[in-house]
Number of protein chains: 2
Amino acid sequence: METKAALSQLSALAQENRLSVFRLLVKAGHDGLPAGDIAAALSVPPNTLSAQLNILSQSGLVTGQRQGRSIIYSANFDAISGLIVFLMEDCCEGREDVCAPVLEMARSACC
Amino acid sequence: METKAALSQLSALAQENRLSVFRLLVKAGHDGLPAGDIAAALSVPPNTLSAQLNILSQSGLVTGQRQGRSIIYSANFDAISGLIVFLMEDCCEGREDVCAPVLEMARSACC
DNA sequence: TCCATATTTCCAATATCGTGGAAATATGGA
DNA sequence: TCCATATTTCCACGATATTGGAAATATGGA
């Protein structure tokens, strides 16, 4: 991943509402959620949410797809794993003290 | 890790200069680098860099320690691994398609 | 004590971000 | 065609972030 892309994904997640949106979409899984449901879940006006979804979308972290009158947004799992890998390779440089807890986490809770 | 802390670390890294500072400090390892060297390496005026170091420092990603006339900054490896774990546990919810590439990365390049 | 070096703090200017009202667009159904 | 629903775009305001000049602080050495 290039730095530009990583920066835009980091900024996208570096905001309370957007982080919540992303988490919600991760929980929702591959089926995603319509924009309206997200707005309702987070108590954010739909136009405000739209702007935030746009930022997440342009960073590549989420994708929207029209389905009837709704637009269904879903998390892009490749993107988040790409960001995590970026942080590890670019920032951690193979240090064991960084990798060990991550591996531990991945093994126990994740995969 | 709490959301607040993760947000402040994400914002800290979500800026070109600060991401560069952090990378530089990771490369420098546990010995760290004096503020002046960082400023010179990135061609940023020292007072501007100071503000950026302050943000990184308040987020917990770096630490500064005076040594003579210089202040030596170093990356906090626990913090970055904590952030990575946060992204995995909080955002990924044990999905294999997120974890697999991370594990792969960790195994091949990292540890 | 006085001076040079290293860094920070103070401050103000500019830029970017977050927010939401109002209007516009897209879709589906009667 | 007309209307209701779902979402976005346009726009402007207030808030926050980034930047760097100038002055202040801290340290070490002569």
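Every heavy atom of this structure was used, including side-chain atoms; hydrogens, water molecules and symmetry mates were not. Proteins come first, then strands; the chains are lettered A, B, ... in the order of their sequence lines, and each starts at number 1.
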*Reckon Q15(B) has a side-chain N or O less than 4.0 Å from the OP1 or OP2 of dT19(D)?*
yes

Nearest 0.5 Å please: distance from the [atom1] atom of [X] over to the [atom2] atom of [Y].
| X | Y | atom1 | atom2 | answer |
| --- | --- | --- | --- | --- |
| K4(A) | S59(A) | NZ | OG | 14.5 Å |
| L53(A) | L61(A) | CG | CG | 11.5 Å |
| Y73(A) | Q65(A) | OH | CD | 11.0 Å |
| R18(A) | L7(B) | CZ | CG | 10.0 Å |
| Q9(A) | I55(A) | CD | CD1 | 13.5 Å |

Say whether, by atom type as modelled, one donor and one acceptor occur between the side chain of [X] and the main chain of [Y] under 3.5 angstrom.
| X | Y | value |
| --- | --- | --- |
| N76(A) | V62(A) | no |
| S20(B) | E16(B) | yes |
| T48(B) | V44(B) | no |

*Among residues 59-73 of chain A, which residues get a heavy atom nearer than 4.0 Å to DNA chain C?*
R66(A), G68(A), R69(A)

*Taking side chain as C-beta onward, heavy atoms only, is I72(B) less than 4.5 Å from T63(B)?*
no

*Taking the side chain as every heavy atom from C-beta outward, state whether Q15(A) and Q52(A) have any pair of such atoms under 4.5 Å apart.*
yes

*So which of residues 49-57 of chain A are in contact with DNA chain D, with a heavy-atom cut-off of under 4.0 Å?*
S50(A)

*For DNA chain D, determine which residues of residues 34-45 of chain A have any heavy atom closer than 4.0 angstrom to one of its atoms, and list them numerically.*
P34(A), A35(A), G36(A)

*Residues in side chain to side chain contact (heavy atoms under 4.5 Å, CB included) with L10(A), at least two apart?*
L83(A), L10(B), L13(B), A14(B)

*Extract, from 5' to 3' on DNA chain C, the first and final nucleotides lying under 4.0 angstrom from some heavy atom of chain A.*
dG18(C) to dG28(C)

*Please assess F77(A) against H30(A) for the test side chain to side chain contact (heavy atoms under 4.5 Å, CB included), listing each intermediate value before the final yes or no.*
CA-CA 9 Å; F77(A) 293 100; H30(A) 290 289; 3.3 Å; yes

*Base-pairing string, 5' to 3', of DNA chain D - Watson-Crick or wobble, under 3.5 Å, | interstrand*: ||||||||||||||||||||||||||||||

*Of the non-hydrogen atoms in P34(A) and S70(A), which two are nearest, and what is the gap between them?*
CB-CB, 3.9 Å

*Return the minimal non-hydrogen interatomic distance between I71(A) and R66(A), and the atom names on each side.*
CD1-NH2, 3.8 Å

_Exercise: do T3(A) and R23(B) side chains pair donor with acceptor under 3.5 Å_ = yes

